[in-house]
Amino acid sequence: QVQLVESGGGLVQAGGSLRLSCAASGLSFSSYFMGWFRQAPGKEREFVTGISWSGGSTYYADSVKGRFTISRDNAKNTVYLQMNSLKPEDTAIYYCAALKGGAYYYTQGYDYWGQGIQVTVSS
């Protein structure tokens with residue numbers, strides 16, 4: 001069974017940093033584009049960032065460019081999200097997702113999802 005398990009969330013002050021990890025199992029990790037999405041209460045789930053199979057291409061939502069960095073370690077079947085200069089508006093549940101093929105920006109095409117992890121940024 002495929003599992004994506006997020007870790008590293010929590011509460012941080014504005015301006016601080018967190019690093020999320022997503023450990024994958026049950027799939028050929030390097031065959032999947034990996035993405036991070038987030039969802040705040042009352043809001044639609046939105047694309048945050050994504051990374052191609054070997055890490056050669058990365059994509060970021062405008063709201064996080066220059067602050068967040070996605071990376072992956074295929075030997076460890078893990079994708080990371082380094083979040084710096086955090087703002088209260090970054091508060092959300094963050095989801096890791098795996099995409100076999102298709103448009104990375106949209107939630108509908110992703111094949112597998114993690115359970116989500118809370119990130120809370122206080123002012």
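Values below: every heavy atom of this structure, side chains too, minus hydrogens, waters and symmetry copies.
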Sequence neighbours left out, what pairs pass disulfide (SG to SG under 2.5 Å) with at least one residue falling in residues 47-83?
-> none

Among residues two or more places apart or on two chains, list those pairs meeting disulfide (SG to SG under 2.5 Å) that have a residue in residues 26-72.
-> none

Which residues share a salt bridge (charged side-chain N to carboxylate O under 4.0 Å, His left out) with Glu46, sequence neighbours left out | Arg38

Under the side chain to side chain contact (heavy atoms under 4.5 Å, CB included) rule, collect the residues that match up with Glu89, sequence neighbours excluded.
-> Lys87

Would you list the pairs meeting salt bridge (charged side-chain N to carboxylate O under 4.0 Å, His left out) in which at least one residue belongs to residues 8-18, sequence neighbours left out?
-> none

Can you name the residues that form a side-chain hydrogen bond (donor to acceptor under 3.5 Å, both in side chains) with Gln115, not counting sequence neighbours?
-> Glu6

Using atom types as modelled, flag every donor-acceptor pair under 3.5 Å from a side chain in residues 98-114 to any protein atom, sequence neighbours excluded.
residue	atom	partner	partner atom	Å
Tyr110	OH	Tyr104	O	2.6
Asp111	OD2	Lys100	N	2.7

With sequence neighbours excluded, give me every ring-ring contact (aromatic ring centres under 6.0 Å, His included) pair touching residues 68-101.
-> none

Residue pairs meeting disulfide (SG to SG under 2.5 Å), one or both in residues 81-123, sequence neighbours left out, come to Cys22-Cys96

Roughly how far apart are Met34 CE and Leu4 CG, rounded to 0.5 Å?
-> 5.0 Å

Leu18 vs Leu86, side chain to side chain contact (heavy atoms under 4.5 Å, CB included): CA-CA, chis, key distance, verdict | CA-CA 8 Å; Leu18 285 173; Leu86 282 161; 4.2 Å; yes

With Lys43, which residues qualify under salt bridge (charged side-chain N to carboxylate O under 4.0 Å, His left out), at least two apart?
-> none

Can you find a pair of side-chain heavy atoms, one from Val79 and one from Ile51, that are under 4.5 Å apart?
-> yes

May I have all residue pairs that pass salt bridge (charged side-chain N to carboxylate O under 4.0 Å, His left out) and include part of residues 67-86, sequence neighbours excluded?
-> Arg67-Asp90

Of all pairs that satisfy side-chain hydrogen bond (donor to acceptor under 3.5 Å, both in side chains), the ones with a partner from residues 12-33, not counting sequence neighbours = Gln13-Ser122, Ser17-Asn84, Ser28-Ser31

